[in-house]
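What follows is a set of notes on a single structure, which appears directly below.
For clarity, every value in this text was computed on a predicted model and none was experimentally measured. Both counts, for ligands and for their atoms, begin at 1 and track the order of listing.
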Amino acid sequence: MPTWMPPDEWAALKRGDGCVLCEDAHQDVNVFGSKIADLTWSWFRLANNQYLPGWTVVTLKRHATELFQLAPDELAGYWADVARAARALDRVFQPAKINYLVMGNICPHIHCHLVPRFYSDDPTWPVNMNQEQGILPPDQYAARLDALRQALTDA
Ligand SMILES: [Zn+2]
């Protein structure tokens, strides 16, 4: 079972020392996936692992670990970005529901995983996002990026 890192290392990471998301969340491609769009307060990214179709993440552009650390306009703006991303997912995937997961137990930089859930899913099933690896062929992954970008631009 994975464990938390030692408390002193965790405290440093919470301050932003060595934060992977500070380092690479803005990049077009990083180890997690490809950027869909640069939103106002955040970056919207499609996970490489698409075993849960539409698994995406909205990452705050600056380092903060808890929502209560954000100024009111930043907090409202970040959630508006999350809502905009979710609307694009809804258009593309037409899910039964979109799940919003703000955890940060591995990287404590505010990011929200968006996971479309479908009528065929068990609605009580707790999501383990890394339960399986679902790597799409490159053309299908690119098409998914394009569809989400298009859905973001549609009014
Ligand atoms: Zn960070």
Query raised in the report: Can any side-chain N or O of Gln69 pair as donor or acceptor with the backbone N or O of Glu66 at less than 3.5 Å?
Result: yes
Listing, residues 28-39 side-chain donor-acceptor contacts under 3.5 Å, not counting sequence neighbours, or none:
unit_1, atom_1, unit_2, atom_2, d
Asn30, OD1, Phe32, N, 2.9
Asn30, OD1, Gly33, N, 3.0
Asn30, OD1, Arg45, NH1, 3.4
Asn30, ND2, Asp24, O, 3.2
Asn30, ND2, Asp24, OD1, 3.2
Lys35, NZ, His26, O, 2.8
Asp38, OD1, Lys61, NZ, 2.5

Query raised in the report: Would the number of heavy atoms belonging to other residues, nucleotides or ligands and lying under 6.0 Å from CD of Gln131 be above 12?
Result: yes
Report summary line: When rounded to the nearest 0.5 Å, the distance separating NE2 of His111 from CG of Leu101 is 9.5 Å
Report task. Decide yes or no on salt bridge (Lys or Arg N to Asp or Glu O under 4.0 Å) for Arg87 and Asp90, but give the supporting numbers first. Result -> CA-CA 5 Å; Arg87 184 174 57 195; Asp90 192 63; over 6 Å; no
Query raised in the report: Relative to each other, are the rings of His113 and Trp55 parallel, tilted or perpendicular (30° and 60° limits)?
Result: tilted
Query raised in the report: List-wise, which protein N, O or S atoms are found short of 2.8 Å from the Zn ion (ligand 1)?
Result: Cys19 SG, Cys22 SG, His63 ND1, His109 ND1
